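One structure is given below, encoded as structure tokens.
For the numbers below, each heavy atom of this structure counts, side chains included, while hydrogens, waters and symmetry mates do not. Computed from a prediction, not measured in an experiment: that's the story for all the values here. So you know, we letter chains A, B, ... as the sequences are listed, proteins then strands, and number each from 1.
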Amino acid sequence: MLDQIDPSRAISEAADRVARTTRGGLLKQAGVGAAILLGGVCTPAAAAATSQKQDQAILNYALVLEYLQSSFYTEAERMGALKGALARQAEVVGAHEREHVRALRAVLGPVAIARPRFDYRGVTEDPSAFRDTAVAFEDLAVAAYKEQAPRVQSKELLASLLSIHSVEARHAAWIRYLAGRLPAPDAFDDPLPRRRVVAIVEDTRFIVAPAKTSGKKPPRFTG
Amino acid sequence: MTITAPERHRLRRAGLVAGALVACAGLCVTAVSLLSPDRSQTSLLPSPPASALGFARPTPLASDAHLARWAPVDAVATARRAPDPRAPPVARISTRTPEHTRNIVQLLGRTRERSGRLWVHVRLAIVPNGATGWVPRRALGGYVFVHTRLVIDRRRMRAVLLRDGRAILRAKVGIGKRAWPTPSGQFYVRNRLTRYRSPAYGPLAFGTSARSPVLTDWPAGGYVGIHGTDQPELLPGRVSHGCVRMANRDIVRLGRLMPVGTPVTVH
């Protein structure tokens, strides 16, 4: 099932539609980069000292995925291109994802990474592309959380992340149903390694560098 | 005593019911015992840990009534009168402003061609002021949403910054002299300049999409800015070549509150 995430058309098509920047370059420009998504790799020798940092890295990793999803649903709702059951799904799931972002940011405090800029390249304005991308995002989130769960050091944190993980699984089932796909295709779900998640997110080119809208040039306005 | 056939049948049915009830009771006892482990089993099931995250009830998006949208121009494009590649051109849109910042456009609407191509209706920073056009979605970057609006009242010489429809900053302003009027209409903030060495513009200047209708040969195209001043004693008044001037204290406050992309209404 997870192997089908990238070929689920929406993400790969979105990536193909706008091929203006080299692969991976945008993530680096955005200051998010693979380093953030890949952060938190902890050596066993330093486990005691770094367990808190490792949990923080996992939280920030989760936060990037939640940013990606919450901005996606929020933009879809604001652009108003969705109707009926799909619009309702975006509205409800968007509210959940924004709450996930809020909760993760609250627990991370000052070490929470900033929200990157996103360019969904028209996917939020096309019901069919939106639906396919939402399936991919939700499957991706479920698999990504699953992979991180055994690495979480704090039991309290693990309990919290599991409560997000199961909601992501419900989202995946919901949008799969709306997309005419089997909501629960397998008896067991596979986790998705972080490198695969990063590669998939990079391929979308949805994370972009912020537009440089401020400068230091002397103004030449009419004065 | 003899038992008739119907009575025998009733008795047999009652016996079956009683047997079924006994069997059900047995099953219930077994289930309850399985779900209520003894002390040694209970000790293997510790209480779940408290959540590390504070969860709140999800809240829907706030009203979009005061929302404005903008997007950076990612690729040079031709704005057209209609969402059609054969429609007459309105203007060529560049990716950079004269101040070397990324050019941006305010979004007014969108539509999809039969072929599936998405077009976006945008406000343009060209003369005549107020011009709009259609550009392909693929020429633009990611959408950005702002909740602010700046309203400039030329008659009262006052500016009010609104966020979600509520005033969060009021300031006296200087506007263009009668020969070089500040244009009226709907515009947007295109960029934000700081740390330049030009005291006449104060510590901070915003570039807007408005252009002087008379100073068309002004360097860089005669764009109207909103900026500070080294002559605060002239405010409020008709003192400029079309720009909106504010006391430096006010422009610094505006700089903290007003993001790029904010719509500007001048009346």
#### Entry: Residues, nucleotides or ligands: over 12 heavy atoms within 6.0 Å of A/Lys212 NZ
yes
### Query
So which of A/Ala95, A/Ala106, A/Ser154 has the biggest tally of heavy-atom pairs under 4.5 Å with chain B?
A/Ala95
### Message
If we define contacts as heavy-atom pairs under 4.5 Å, which of A/Glu97, A/Glu91, A/Arg102 has the most with chain B?
### Response
A/Arg102
In terms of heavy-atom pairs under 4.5 Å, which option from [options] contacts chain A the most?
options	result
B/His227, B/Arg245, B/Arg110, B/Arg197	B/Arg110
B/Leu53, B/Leu61, B/Asp64, B/Leu215	B/Leu61
B/Val244, B/Thr194, B/Thr97	B/Thr194
B/Pro49, B/Gly176, B/Ala71, B/Gly54	B/Pro49
B/Arg211, B/Arg57, B/Arg112, B/Arg190	B/Arg112

Would you check if the side chain of [X] reaches a backbone N or O of [Y] as a donor-acceptor pair within less than 3.5 Å?
X	Y	value
A/Thr222	B/Val224	no
B/Arg69	A/Arg78	yes
A/Glu99	B/Ala56	yes
A/Thr213	B/Val260	no
B/Thr101	A/Gly215	no

#### Entry: Minimum heavy-atom distance A/Arg98-B/Pro60, with the two atoms named
NH2-C, 3.9 Å
### Task
Write down the atom of B/Tyr196, the atom of A/Pro218, and the distance for their closest heavy-atom approach.
CB-CA, 3.7 Å
Less than 4.5 Å to any heavy atom of chain B: does that hold for the side chain of [X], its backbone, both, or neither?
X	answer
A/Ala103	both
A/Leu158	neither
A/Ala159	side chain
A/Arg220	both
A/Glu75	both

### Query
Nearest 0.5 Å, what's the OG-CZ distance between B/Ser240 and A/Phe221?
13.0 Å
### Query
Which distance, rounded to the nearest 0.5 Å, do you find between the CZ of B/Phe145 and the OG1 of A/Thr74?
8.5 Å
Need one label for [X]: side chain, backbone, both or neither, based on atoms under 4.5 Å from any heavy atom in chain A.
X	value
B/Leu118	side chain
B/Ile104	side chain
B/Pro98	both
B/Arg96	neither
B/Tyr143	both
B/Thr59	backbone
B/Val144	side chain

### Message
I'd like to check B/Phe55 versus A/Ser160 (side-chain heavy atoms, cut-off strictly below 4.5 Å). Are they in contact?
### Response
yes
### Query
With a 4.5 Å heavy-atom cut-off, do A/Asp119 and B/Asp74 have their side chains touching?
yes
### Query
What residues, two or more places apart in sequence or in another chain, satisfy side chain to side chain contact (heavy atoms under 4.5 Å, CB included) together with B/Pro259?
B/Val146, B/Thr148, B/Thr262
